[in-house]
Amino acid sequence: MTRRDAAWVIARAVAVSGGGAFFPSWASAAEAEPYRPVFFNAEEYRILDSFTAILIPTDDTPGAREARVAPFVDFVVNAAAEYAPEVQREWRQALGWLKEQGFGALSASEQNALITRMSAPERDPAKHHAGFPAYRLMKEMTVHAFYTSRAGLIGNLEYKGNAYLKEFAACNHPEHHKV
């Protein structure tokens with residue numbers, strides 16, 4: 001799945017049944033009650049939540065959990081049944097592969113080590129890992145979900161909206177300091 005495909009899937013998910021109720025609460029980071037997955041079973045959802053929290057951990061800024069990435073992914077993948085059933089197959093395969101590896105039973109450090117090994121082809125194209133397709137699928141959706149969420153966009157990137165800046169303090173190019 002390419003980034004363009006992921007954006008298309010997400011855009012369509014907004015329009016499906018339930019999108020009008022899910023996205024406003026997700027975007028505002030409101031969590032009145034714990035999210036109950038609609039596509040993934042409980043074990044798959046725990047794996048998804050752990051995986052995304054390793055990719056974007058909470059530190060001095062919000063992480064994947066604060067951005068409610070796992071609920072976002074679950075909703076989008078469930079909504080894909082109406083217009084892109086192959087998305088659901090890809091996610092079943094990815095979570096199935098992680099379940100075969102015993103991901104849910106691993107310690108946090110073992111999960112982190114597995115994800116590092118899975119991502120090796122990203123850093124060195126000469127390397128191969130059977131879990132790389134699952135890693136890429138999960139990473140792309142996690143990044144998209146995080147940086148379009150309130151926690152990612154405002155809490156992490158400190159997006160201020162369409163603000164006019166009089167100076168660019170972080171930039172060291174003199175020609176960029178003129179308004």
Side-chain angles (χ1 to χ4, degrees), residues 1-14 16 19 22-23 26-27 35 37-59 61-153 155-157:
M1 175 180 282
T2 66
R3 277 184 231 152
R4 180 173 291 165
D5 292 338
W8 180 83
V9 166
I10 292 163
R12 297 285 303 260
V14 173
V16 301
F22 174 80
F23 282 101
W26 173 79
Y35 180 78
V38 291
F39 179 76
F40 297 111
N41 65 38
E43 179 187 10
E44 290 169 333
Y45 187 78
R46 280 191 302 275
I47 290 171
L48 173 65
D49 185 56
S50 296
F51 197 99
T52 62
I54 289 170
L55 291 179
I56 305 178
T58 302
D59 50 22
T61 60
R65 286 197 173 117
E66 290 79 12
R68 302 183 64 224
V69 168
F72 176 91
V73 172
D74 180 67
F75 181 85
V76 168
V77 173
N78 186 62
E82 293 184 29
Y83 54 87
E86 69 279 1
V87 170
Q88 291 186 334
R89 283 191 298 277
E90 289 176 341
W91 279 90
R92 285 276 182 234
Q93 290 172 344
L95 271 292
W97 189 89
L98 287 167
K99 283 168 52 175
E100 288 172 9
Q101 308 310 305
F103 188 88
L106 299 175
S107 69
S109 63
E110 291 169 325
Q111 288 176 345
N112 198 355
L114 176 58
I115 292 173
T116 300
R117 290 191 305 275
M118 290 170 69
S119 68
E122 189 172 65
R123 294 182 304 282
D124 182 356
K127 292 189 177 183
H128 177 267
H129 193 282
F132 186 66
Y135 166 80
R136 287 295 299 166
L137 178 71
M138 295 179 78
K139 178 184 174 188
E140 287 187 9
M141 184 71 83
T142 297
V143 168
H144 190 86
F146 181 75
Y147 286 108
T148 55
S149 74
R150 181 174 186 80
L153 189 62
N156 190 283
L157 294 178

Item to complete: Can you label the angle between the W97 ring and the H129 ring as parallel, tilted or perpendicular, going by 30° and 60°?
Response: perpendicular
**Prompt:** Within 45 degrees of the axis of the six-membered ring of Y135 and under 6.0 Å from its centre: does R117 put its NZ or CZ there?
**Reply:** no
What closest approach, in Å, do [X] and [Y] show between heavy atoms, and which atom pair accounts for it?
{"X": "Q101", "Y": "L106", "answer": "O-CD1, 4.4 Å"}
{"X": "L95", "Y": "L48", "answer": "CD1-N, 4.2 Å"}
{"X": "T58", "Y": "E66", "answer": "OG1-OE1, 2.6 Å"}
{"X": "F103", "Y": "S50", "answer": "CE2-CB, 4.0 Å"}
{"X": "R92", "Y": "F39", "answer": "NH2-O, 3.1 Å"}
{"X": "P133", "Y": "A130", "answer": "CD-O, 3.5 Å"}

How long is the straight-line distance from [atom2] of [Y] back to [atom1] of [X], given to the nearest 0.5 Å?
{"X": "L55", "Y": "M138", "atom1": "CG", "atom2": "CE", "result": "7.5 Å"}
{"X": "I54", "Y": "D49", "atom1": "CD1", "atom2": "CG", "result": "10.0 Å"}
{"X": "R68", "Y": "F72", "atom1": "CZ", "atom2": "CZ", "result": "11.5 Å"}

Can a donor-acceptor pair be found, under 3.5 Å and without considering hydrogens, that links the side chain of D74 to the backbone of F40? yes
Would you say the side chain of [Y] lies within less than 4.5 Å of the side chain of [X], judging by non-hydrogen atoms?
{"X": "R123", "Y": "T116", "value": "yes"}
{"X": "V143", "Y": "K139", "value": "yes"}
{"X": "V69", "Y": "I56", "value": "no"}
{"X": "Q93", "Y": "L137", "value": "no"}

| request: Kindly indicate, with the supporting measurements, whether the criterion side chain to side chain contact (heavy atoms under 4.5 Å, CB included) is fulfilled by H144 and V73. | output: CA-CA 10 Å; H144 190 86; V73 172; over 6 Å; no
How about E122 and S119: does a side-chain donor come under 3.5 Å of a side-chain acceptor?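 Distance-only check fails for E122 and S119.
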